[in-house]
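A short worksheet on the structure shown next.
Model, not experiment: these values are computed from the prediction. All chains are named by letter (A, B, ...) in the order of the sequence lines, taking the proteins before the strands, and each is independently numbered beginning at 1.
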Amino acid sequence: MTKRLGKDFYENKTLKVAQNLLGKFLVRKIGNRVIAAKIIETEAYCGPKDRASHASRGRTERTKIMFGPAGQAYVYLIYGMYYCLNVVTEKDGYPAAVLIRALEYSKADGPGKLCRELKIDKKLNAVNLTKNDKLWLEDRGEVIKPSQIERSPRIGVDYAGEWKDKPWRFVIKSN
DNA sequence: AGATTGATCCAT
DNA sequence: TGGATCAATCTG
């Protein structure tokens with residue numbers, strides 16, 4: 001059973017989507033080559049008050065995508081050298097997204113390397129993951145039980161004050 | 001621990 | 001318009 005995730009999957013509470021994404025497959029089509037890899041690590045960025053989220057400083061040219069409807073890709077450049085891939089969640093108007101941090105594929109552990117391996121760059125920013133033929137997500141029937149999920153604080157957000165310790169990072173155990 | 005690297009954001 | 005900042009990674 002293989003089914004592309006639709007808007008109903010993304011239009012949900014971000015913490016729930018972040019956990020549901022574990023075990024799903026990220027599919028990237030480059031020319032005639034198709035790469036599919038299981039998602040094993042995610043992080044949730046929730047709402048305008050989450051200081052770790054780019055959206056916490058309000059709607060800007062870069063972050064407006066996070067305020068948009070669920071099911072779009074949010075791709076941005078960080079530290080001048082690496083791209084990070086997020087998927088937008090929740091209702092149109094509410095800024096939230098899930099960062100895809102690692103895949104069970106080659107050396108794609110870490111959001112920067114992941115995007116390098118899959119050739120994800122700014123051209124894929126704002127694409128609709130439910131419709132386009134270059135990048136999308138699939139349910140291949142794998143079920144991840146809550147007991148297989150490990151929670152921990154998010155990476156690289158020490159500047160976020162009280163928000164930095166929230167256990168909003170999700171990893172499949174034994175990876 | 002330090003260097004890298006450049007788009008983005010906001011204010012000296 | 002300029003300077004500080006950064007959801008990272010590599011090298012030592």
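The side chain of His54(A) contributes an N or O atom lying less than 4.0 Å from OP1 or OP2 of dA7(C). A close approach under 4.0 Å does not occur between any side-chain nitrogen or oxygen of Lys122(A) and OP1 or OP2 of dG6(B).
Going from atom NZ of Lys64(A) over to atom P of dC9(B) covers 11 Å, rounded to whole Å. With rounding to whole Å, Ile65(A) atom CD1 is found 16 Å from dA7(C) atom C1'. Put simply, CG on Asn125(A) is 14 Å from P on dA7(B), counting in whole angstrom units. Whole-Å rounding puts the Lys166(A) NZ to dA7(C) C1' distance at 17 Å. Atom OH in Tyr159(A) sits roughly 13 Å away from atom P in dC9(B) (whole-Å rounding). Straight-line distance from the CD atom of Glu41(A) to the C1' atom of dA7(C): 11 Å, rounded to whole Å.
At the heavy-atom level, Arg154(A) lies nowhere under 4.0 Å from the strands shown.
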Check the interface with nucleotides 8-12 of chain C: list each N/O to N/O pair with the protein under 3.5 Å, or write none.
unit_1	atom_1	unit_2	atom_2	d
dA8(C)	OP1	Arg101(A)	NH1	3.4
dA8(C)	O3'	Gly112(A)	N	3.3
dT9(C)	OP1	Gly110(A)	O	3.3
dT9(C)	OP1	Pro111(A)	N	3.2
dT9(C)	OP1	Gly112(A)	N	2.7
dT9(C)	OP1	Lys113(A)	N	3.1

Identify the pairs formed between an N or O of the protein and an N or O of nucleotides 10-12 of chain B at a distance under 3.5 Å, and give each distance.
none

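Between Glu138(A) and Thr2(A), the side chains place no donor N or O within less than 3.5 Å of an acceptor N or O (distance only, hydrogens not considered).
Side chain of Lys134(A) to backbone of Val127(A): no donor-acceptor contact under 3.5 angstrom is found. Between the Thr42(A) side chain and the Arg169(A) main chain, no donor and acceptor come within less than 3.5 Å of each other.
Annotation: side chain of Arg62(A) is in contact with side chain of Tyr76(A) (closest heavy-atom distance under 4.5 Å).
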* To do: Can you run through DNA chain C from 5' to 3' and write each base as (, ), [, ], | or . depending on how it pairs? Watson-Crick or G-U wobble, both distances under 3.5 Å.
  => ||||||.||||.

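We find the CG-CD1 distance between Leu118(A) and Ile35(A) to be 5.0 Å, quoted to the nearest 0.5 Å.
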